[in-house]
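Down below is the structure, laid out as structure tokens.
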Amino acid sequence: MRLDKWLKNSRLIKRRTVANEACDAGRVTVGGRAVKASYEVKPGDVLELKFGERVTKVKVLSVQEIVGKADAAGMYEEVR
């Protein structure tokens, strides 16, 4: 699944267009490398999201096309 769609489905970012813009601006990295919105997300990837002063690191647990609101938090776990 594309990174921008995964970010929306996991509800880390509310809109796919915003996720796309964040990727284009280099605010999303995978393994320390800036990636484009078309990056194919795989379970086990460690994503780092930078928004202003806040940095969030998450590990991808699952990649699902259709996700309910209750299941969205189960797609990732925060990494310290």
Side-chain angles (χ1 to χ4, degrees):
M1 173 184 306
R2 289 175 51 104
L3 177 59
D4 56 347
K5 185 169 182 177
W6 187 88
L7 288 169
K8 179 194 171 289
N9 285 352
S10 67
R11 292 182 172 64
L12 286 168
I13 298 178
K14 283 190 176 216
R15 292 187 179 84
R16 191 168 175 181
T17 55
V18 175
N20 202 329
E21 291 169 4
C23 293
D24 290 343
R27 291 183 290 196
V28 180
T29 60
V30 177
R33 193 184 90 210
V35 292
K36 295 184 177 184
S38 61
Y39 174 80
E40 285 294 317
V41 177
K42 299 172 284 304
D45 283 346
V46 177
L47 307 176
E48 189 171 301
L49 307 161
K50 299 173 191 163
F51 288 106
E53 297 294 317
R54 191 176 79 176
V55 177
T56 305
K57 284 181 90 169
V58 296
K59 181 177 181 181
V60 177
L61 298 178
S62 69
V63 179
Q64 301 171 357
E65 287 290 327
I66 301 172
V67 181
K69 197 177 222 180
D71 300 330
M75 293 179 67
Y76 63 91
E77 71 178 1
E78 283 202 45
V79 178
R80 299 281 168 201

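Being a predicted model, the structure only gives us computed values, none of them experimental. Heavy atoms only: backbone and side chains are in, while hydrogens, waters and symmetry mates are out.
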Problem set entry | side chain to side chain donor-acceptor pair (under 3.5 Å) pairs, two or more places apart, involving residues 20-44 | Y39-K42, Y39-D45
Problem set entry | Distance in Å, E48 CD paired with T56 OG1, rounded so as to fall on 0.5 Å steps | 9.0 Å
For this session: For A72, check side chain to side chain contact (heavy atoms under 4.5 Å, CB included) against everything at least two apart and list the hits.
Result: R11, V67
Problem set entry | Set of salt bridge (charged side-chain N to carboxylate O under 4.0 Å, His left out) partners for E53, sequence neighbours left out | none
Problem set entry | Which residues share a side-chain hydrogen bond (donor to acceptor under 3.5 Å, both in side chains) with K59, sequence neighbours left out | none
For this session: Using the test side chain to side chain contact (heavy atoms under 4.5 Å, CB included), find all partners of R15 that sit at least two apart in sequence or belong to another chain.
Result: T17, V18
Exercise. So, do Q64 and N9 sit near enough that their side-chain heavy atoms are less than 4.5 Å apart?
Worked result: no
Problem set entry | Heavy-atom pair with the smallest gap, counting every atom of V28 and L49 | CG2-CD2, 3.6 Å
Exercise. How would you list, by chain and number, every residue that makes a side-chain hydrogen bond (donor to acceptor under 3.5 Å, both in side chains) with R16, sequence neighbours excluded?
Worked result: D4
Exercise. Do the non-hydrogen side-chain atoms of L47 and W6 ever get within less than 4.5 Å of each other?
Worked result: yes
For this session: For residues G74 and S62, report the shortest heavy-atom separation together with the two atoms involved.
Result: O-OG, 4.2 Å
For this session: Report yes if some heavy atom in the side chain of M75 is under 4.5 Å from a heavy atom in the side chain of L61; otherwise report no.
Result: no
Problem set entry | Value rounded to 0.5 Å, distance of CZ in F51 from CG in L12 | 9.0 Å
Exercise. Which pairs count as salt bridge (charged side-chain N to carboxylate O under 4.0 Å, His left out) when at least one residue sits in residues 60-75, sequence neighbours excluded?
Worked result: K5-E65
For this session: Following the transitive rule for hydrophobic clusters with a side-chain heavy-atom cut-off under 4.5 Å over Ile, Leu, Val, Met, Phe, Trp and Tyr, establish whether V60 and M1 coincide in one cluster.
Result: yes
For this session: Quick one: closest heavy-atom pair of A37 and C23, and the distance?
Result: N-CB, 3.6 Å
